[in-house]
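As the structure is a computational prediction, the values presented were derived from the model and not from experiment.
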Amino acid sequence: MSSHPITPQDTTQNTTHSPAGTPATRAEVTALRARPSASVLIIGAGINGIATFRDLALQGVDVVLVERDDFVSGASSASSHMIHGGIRYLENGEFRLVKESVTERNALIRIAPHYVKPLETTVPIYSTFSGILSAPMRFLTHRQGKPTERGAALIKTGLTIYDAFSRDGGSVPRHRFHGRKRSLAELPALDPAVKYTATYYDASMHDPERLALDVLFDGLAAGPHARAVNHLGAVGFGADGVRVRDGLTGEEFSIAADVVVNTSGPWTDLTNADLGRSTTFMGGTKGSHIVLDHPELLAATGGREIFFEHEDGRIVLIYPLKGRVMVGTTDLEHDMREPVVCTDAEVDYFFELIAHVFPGIAVDRSQIVYRFSGVRPLPRHDDTQPGFVSRDYRIERADVAARPGTTLLSLVGGKWTTFRALAEHLSDEVLQLLGRERTRSTEGLAIGGGAGYPTTDDARLVWLVGHDDEVGRARAEMLLERYGTRAEAYLDEVDGETERTLEHHVDYTRGEITWLVRNERVVHLTDLVLRRTSIAFTGTLTAPLLGELADLAGDELGWDTERRAAEIDATRTLLAERHGVVLEQLAAVA
């Protein structure tokens, strides 16, 4: 861990040990210490904290964002990679949330088309009328009771209502129903006992961490009044403001602000405790996923997400992604003071689910290339079943005794799909406290590499032709998919230079990795492996590649041999303990 004493919050996040040989304080930390004040301090750089930072930055507010670990390293990095309207929320009676969710989903397809795309989703159905009697009781009581499978009639009714919310001028197609014969013709590997399939559209988010980083850099681009620092944790609250600790050096200082916003997700109560305020707002549940390198299963999905409710009431997804298949998710109670890991029991559960849907396809543990787990930032729910806890959000306001005149806002709840609308709502409350008016809305505003992104075949061809003389057509297309139009910044930097492919990974170049480290606030090797790239997620990380990445990052950041070795060891340990990825030990660091 970092050089300061470990708190409960530290034990649950992907925090990397601060290695020996740490260089002098980072430039962004030095700048923040030189002016340790702001109108607003946001604690927690998950997607909701980052989006609120962007929104306030665009209003010209003097705002600082701090994060104890890396940007988007907690709950936001453990999502199911979906932007969805939440068809299940209809059964909870959360019509406002469904309406907001599908509106934001359709908007994100337009403003972040490089990362958010329509996703064809198929539900296998085994009965006609099951669930019709129990559904009204779930709607009225929000208590699940004995799980009951949803039949075709109930699903058809839900999808018809969902379409009414979702259409938005045709952003996504309407749902369709098929009987057994047509269903098996389209998806031959499905369980032959299936009676129907229902197919509708939500949206995929193939790189959640990169989308969040685009939101962050949009905020930073607003001007010097917007500052953000990762690996800088809030550890206390005094008369001088919020005390923060640098995760690299252990040095502490205070940041004064008129409004402090706690957006630390499932850690909200723990963060408030660090700030001297006891709260019991949160009651998050753990969701785990596995990623499989399994060509047969990948082909069986037909490019669709397979989505259904298991007989135990949990939502299940089998999702083709980046040439792999992601399977999830669980919905289990979790103590935030304990590590969040995908257990062997959860893996067994996932294998049972795959066998339920695709009984002819064998799966074993050797095909798992990555596993991950996170905690949903749900509100405290007492005896309500986890699946029926509201996914909506609210904002709690309190005065701070340690610093009269400062207001603490705590965000309770929230999800990926609604991050833009949530941030606008939260920012409006902050602006009201500051006595300021909103000057612009983020509605319809393109995000990062979504600005100018070519969404038609002709426009895409024009973009590719315009850049293929620099790096070649195939490479230009790869960069466009990876970064959207932000790829142009990288292409400008390497203009006229010959790219050199990594020795141990053909899809990345040395210049690209160096560009990421230089421009995207990489502090630790884990930041690069887990969030700036998809290398770990796709199972393409090897020990030699880890050493190669450490050398490139080290050359850019000034790491000595001892620091490089420590970064490699810390990354190997984290990958093994949290993600089930075991790499052999390198004999030596080059």
Donor-acceptor pair, side chain of [X] and main chain of [Y], under 3.5 angstrom:
X    : Y    : value
S76  : V72  : no
T121 : L119 : yes
R210 : R532 : yes
T485 : G449 : yes
N48  : L422 : no
S73  : D69  : no
H114 : L211 : no
E548 : H504 : yes
D218 : G448 : yes
E346 : T343 : yes

Side-chain donor-acceptor pairs under 3.5 Å in residues 475-484, sequence neighbours left out?
| unit_1 | atom_1 | unit_2 | atom_2 | d |
| --- | --- | --- | --- | --- |
| R475 | NE | E499 | OE1 | 2.8 |
| R475 | NE | E499 | OE2 | 3.4 |
| R475 | NH1 | E512 | OE1 | 3.1 |
| R475 | NH2 | E499 | OE2 | 3.0 |
| R475 | NH2 | T509 | OG1 | 3.2 |
| R475 | NH2 | E512 | OE1 | 2.7 |
| E477 | OE2 | R460 | NE | 3.3 |
| E477 | OE2 | R460 | NH2 | 3.4 |
| E481 | OE2 | Y453 | OH | 2.7 |
| E481 | OE2 | R460 | NH1 | 3.4 |
| E481 | OE2 | R460 | NH2 | 2.8 |
| R482 | NH1 | D507 | O | 3.0 |
| R482 | NH1 | E512 | OE1 | 3.2 |
| R482 | NH1 | E512 | OE2 | 2.8 |
| R482 | NH2 | D507 | O | 3.2 |
| Y483 | OH | E512 | OE2 | 2.4 |

Can you tell me how far [atom2] of [Y] sits from [atom1] of [X], rounded to the nearest 0.5 angstrom?
X    : Y    : atom1 : atom2 : answer
K117 : L108 : NZ    : CG    : 12.5 Å
T533 : I513 : OG1   : CD1   : 6.0 Å
L575 : E577 : CG    : CD    : 10.0 Å
T329 : M82  : OG1   : CE    : 10.5 Å
M326 : L298 : CE    : CG    : 13.0 Å
T122 : E120 : OG1   : CD    : 5.5 Å

Legend entry - Audit row: S534, D207, side chain to side chain donor-acceptor pair (under 3.5 Å) steps and yes/no: CA-CA 8 Å; S534 299; D207 280 291; 3.2 Å; yes

Legend entry - salt bridge (charged side-chain N to carboxylate O under 4.0 Å, His left out) assessment of E186 paired with R304: CA-CA 11 Å; E186 291 188 357; R304 309 178 189 183; 2.6 Å; yes

Closest contact, heavy atoms only, [X] versus [Y]:
X    : Y    : answer
R572 : L583 : NH2-O, 3.0 Å
I354 : V327 : CD1-CG2, 3.9 Å
I50  : L216 : CG2-N, 3.4 Å
C342 : S373 : N-CB, 3.6 Å
P118 : Y201 : CB-CD2, 4.2 Å
W559 : L525 : CH2-N, 3.9 Å

Would you call the rings of [X] and [Y] parallel, tilted or perpendicular if under 30° counts as parallel and over 60° as perpendicular?
X    : Y    : answer
H579 : Y370 : parallel
H524 : H231 : perpendicular
H289 : F372 : parallel
H467 : W463 : tilted

Inset, instruction - Mind checking side chain to side chain donor-acceptor pair (under 3.5 Å) for T498 and listing every partner two or more places apart, or none if nothing turns up? - result: none

Inset, instruction - Give the C-alpha distance, both sets of side-chain angles, the deciding distance and a yes or no for side chain to side chain contact (heavy atoms under 4.5 Å, CB included) between R105 and H84. - result: CA-CA 6 Å; R105 179 202 67 193; H84 65 96; 5.6 Å; no

Inset, instruction - Walk me through it: do D293 and Q367 pass the test side chain to side chain contact (heavy atoms under 4.5 Å, CB included)? - result: CA-CA 5 Å; D293 184 1; Q367 294 158 326; 5.6 Å; no

Inset, instruction - Check the pair D364, S366 against side chain to side chain donor-acceptor pair (under 3.5 Å), reporting the backbone distance first and the verdict last. - result: CA-CA 6 Å; D364 63 62; S366 69; 2.3 Å; yes

Legend entry - CA sep, side-chain torsions, deciding dist, call: H294, F358, ring-ring contact (aromatic ring centres under 6.0 Å, His included): CA-CA 13 Å; H294 197 311; F358 298 113; 9.8 Å; no

Inset, instruction - Check the pair T285, R376 against side chain to side chain donor-acceptor pair (under 3.5 Å), reporting the backbone distance first and the verdict last. - result: CA-CA 5 Å; T285 61; R376 303 172 183 89; 3.0 Å; yes

Legend entry - Option from D202, I83, V102 for which side-chain contact (heavy atoms from CB on, under 4.5 Å) with T417 holds: I83

Legend entry - Of I318, I290, L292, the residue whose pairing with F350 passes side-chain contact (heavy atoms from CB on, under 4.5 Å): I290

Inset, instruction - Could you check R486 against E520 for salt bridge (charged side-chain N to carboxylate O under 4.0 Å, His left out), going step by step and ending with a plain yes or no? - result: CA-CA 12 Å; R486 279 193 68 213; E520 294 197 347; 3.1 Å; yes

Legend entry - side chain to side chain contact (heavy atoms under 4.5 Å, CB included) between D191 and V357, intermediate numbers included: CA-CA 5 Å; D191 180 1; V357 180; over 6 Å; no

Inset, instruction - Starting from the C-alpha separation in whole Å, work towards a yes-or-no answer on side chain to side chain contact (heavy atoms under 4.5 Å, CB included) for T197 and I125. - result: CA-CA 6 Å; T197 56; I125 305 168; over 6 Å; no

Legend entry - Y196-H178 aromatic ring centre distance below 6.0 Å: no

Legend entry - H356/Y126 aromatic ring centres below 6.0 Å: yes

Legend entry - Residue pair D344, R371: steps toward the salt bridge (charged side-chain N to carboxylate O under 4.0 Å, His left out) verdict: CA-CA 10 Å; D344 284 338; R371 62 175 78 180; 3.5 Å; yes

Legend entry - Short N-O contact, R54 and D214, less than 4.0 angstrom: no

Inset, instruction - Indicate whether any N or O donor in one side chain lies under 3.5 Å from an N or O acceptor in the other, for T540 and H505. - result: yes

